Amino acid sequence: MANSGIITGQYVRISQTPASIGDRILAQAIDWIIEISYAVAINWMATTSGLSVFNNAGGYFFTILLPVLCYCPLCEIFNNGQTIGKRLLKMQVVKADGSQPGIGAYLLRWLLFIVDGPTMMGAGVLVMLLNDRRQRLGDLAAGTMVIKLQSYHRMKVSLDEYSYLSNNYRPTYPQASDLSLEQAELINQTIQLPDGDPRIQALAAKVKQALGVEARANHDDSLFLYVIARDYRYYALEEI
């Protein structure tokens, strides 16, 4: 699978893995199934209650057409770049530089799906085949790309990996200064394991117990260990 390399402000090369075309098509199919199921369910409920929404243009628009049309952009805006299909396949929409897209970017890629989608014989698939980042026309216009979520978690950590060298850096876990060199090296080796490896969870629990620290609410075990290792390097530099 191709990787998309970018350079951070600290001149550190990081990589993110674009979602495959097959995964994107499958995620879109899941979203279409959800949209169709919603439309069928609403129409069935309206019909069985004697109020068929198809007999009223306004009712049809506001109860069926509008929610279906707005499903994708609203999901991505309020669910951190994920529709249900993307979430199930562990994908996410991000800016090409790794940051989170704004509302305008989400709306632009949604509007251009008219060109990318089935109405234009799937032109978006052809465009994705022609670029390494697997971007369709909507992504190119909005400056976004769809990546594997696991890769994005790694990338977000990498963006700050060397920030402890800056003058205004503030450690998240001051207790990291109590780590020994051997313990820090073990953490560094463990965080190279694939996400979900049980050794990450086991080591995170031991580190929390040994240092008497609780992880922040938005820090899973993998991210917790990354930050602990980064804070340790900060304190190690302070002693030089």
Side-chain angles (χ1 to χ4, degrees), residues 1-20 23 79-82 86-101 132-133 144-240:
M1 184 176 294
N3 285 336
S4 173
I6 62 177
I7 304 295
T8 71
Q10 293 83 20
Y11 298 97
V12 179
R13 179 174 293 277
I14 61 177
S15 63
Q16 49 191 349
T17 304
S20 69
D23 281 347
N79 195 34
N80 199 27
Q82 291 180 295
K86 289 185 179 70
R87 187 175 184 85
L88 289 176
L89 293 178
K90 298 182 178 180
M91 302 188 304
Q92 186 173 13
V93 178
V94 300
K95 294 287 285 184
D97 63 2
S99 60
Q100 185 171 351
D132 292 336
R133 291 181 173 181
T144 59
M145 60 187 296
V146 180
I147 61 173
K148 297 299 288 185
L149 188 57
Q150 176 178 327
S151 171
Y152 185 51
H153 287 323
R154 298 284 187 180
M155 184 197 64
K156 286 194 294 186
V157 175
S158 297
L159 284 171
D160 295 325
E161 188 173 354
Y162 292 93
S163 61
Y164 59 86
L165 294 173
S166 62
N167 293 329
N168 60 351
Y169 178 78
R170 294 294 179 270
T172 304
Y173 301 105
Q175 298 90 336
S177 61
D178 296 331
L179 290 171
S180 66
L181 179 60
E182 291 78 11
Q183 290 171 328
E185 180 60 27
L186 177 60
I187 292 174
N188 284 325
Q189 293 177 5
T190 302
I191 58 182
Q192 303 304 318
L193 298 172
D195 285 350
D197 191 299
R199 287 171 289 183
I200 294 178
Q201 182 180 5
L203 181 60
K206 289 183 179 294
V207 171
K208 293 173 188 176
Q209 181 179 10
L211 298 182
V213 63
E214 290 292 332
R216 291 194 174 185
N218 61 334
H219 285 184
D220 58 18
D221 290 332
S222 181
L223 182 54
F224 168 73
L225 291 178
Y226 267 105
V227 177
I228 283 287
R230 184 182 61 185
D231 288 350
Y232 170 81
R233 291 192 291 269
Y234 168 81
Y235 287 113
L237 284 175
E238 288 289 297
E239 295 176 0
I240 296 177

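Computed from a prediction, not measured in an experiment: that's the story for all the values here. Residue indices begin at 1 and follow the sequence shown.
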Asks: Does some side-chain heavy atom of R230 sit less than 4.5 Å from a side-chain heavy atom of V227?
Replies: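 When only atoms from C-beta onward are counted, R230 and V227 do touch, with a gap below 4.5 Å.
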Asks: Quick check: closest heavy atoms across A204 and L225, and the distance to 0.1 Å?
Replies: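 Reported closest heavy-atom pair: CA-CD2, 3.9 Å.
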Asks: With heavy-atom distances below 4.5 Å as the criterion, would you say the side chains of T190 and I200 are in contact?
Replies: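 A side-chain contact exists here, since the closest heavy-atom pair is under 4.5 Å.
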Asks: With Y173 as reference, evaluate R216, H219, E214 under the side chain to side chain donor-acceptor pair (under 3.5 Å) test and give the passing residue.
Replies: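 Only one of R216, H219, E214 forms a side chain to side chain donor-acceptor pair (under 3.5 Å) with Y173, namely H219.
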Asks: For residues Y235 and P174, report the shortest heavy-atom separation together with the two atoms involved.
Replies: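 Scanning both residues completely, I find the closest heavy atoms to be OH-CA, 3.2 Å.
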Asks: Check L179, I187, N188 against Y232 for a side chain to side chain contact (heavy atoms under 4.5 Å, CB included) and give me the one that passes.
Replies: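 Only one of L179, I187, N188 forms a side chain to side chain contact (heavy atoms under 4.5 Å, CB included) with Y232, namely L179.
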Asks: Do you know the tightest heavy-atom contact between V207 and V213?
Replies: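 Smallest heavy-atom distance, with atoms named: O-CG1, 4.4 Å.
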Asks: Determine, for D221 against R199, whether the closest basic-nitrogen to carboxylate-oxygen distance falls under 4.0 angstrom.
Replies: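 Here D221 does not pair with R199 in a salt bridge, since their nearest N and O are not under 4.0 Å apart.
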Asks: Return the minimal non-hydrogen interatomic distance between P18 and M145, and the atom names on each side.
Replies: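 Residues P18 and M145, closest heavy atoms: CG-CE, 3.8 Å.
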Asks: Check whether any side-chain heavy atom of K86 sits under 4.5 Å from a side-chain heavy atom of N79, and report yes or no.
Replies: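 No, their side chains stay 4.5 Å or more apart.
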Asks: When rounded to the nearest 0.5 angstrom, what is the spacing between CD in Q189 and CD1 in I191?
Replies: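 The distance works out to 10.0 Å.
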Asks: If you look at every heavy atom in A19 and M91, which pair is closest and at what distance?
Replies: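 Smallest heavy-atom distance, with atoms named: CB-SD, 3.2 Å.
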Asks: Once rounded to the nearest 0.5 Å, what's the spacing between atom CD of Q201 and atom CG of D220?
Replies: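 Interatomic distance, Q201 CD to D220 CG, rounded to 0.5 Å: 10.5 Å.
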Asks: For the atom pair CD1 (I228) and CG (L223), what is the distance rounded to the nearest 0.5 Å?
Replies: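 The distance works out to 10.5 Å.
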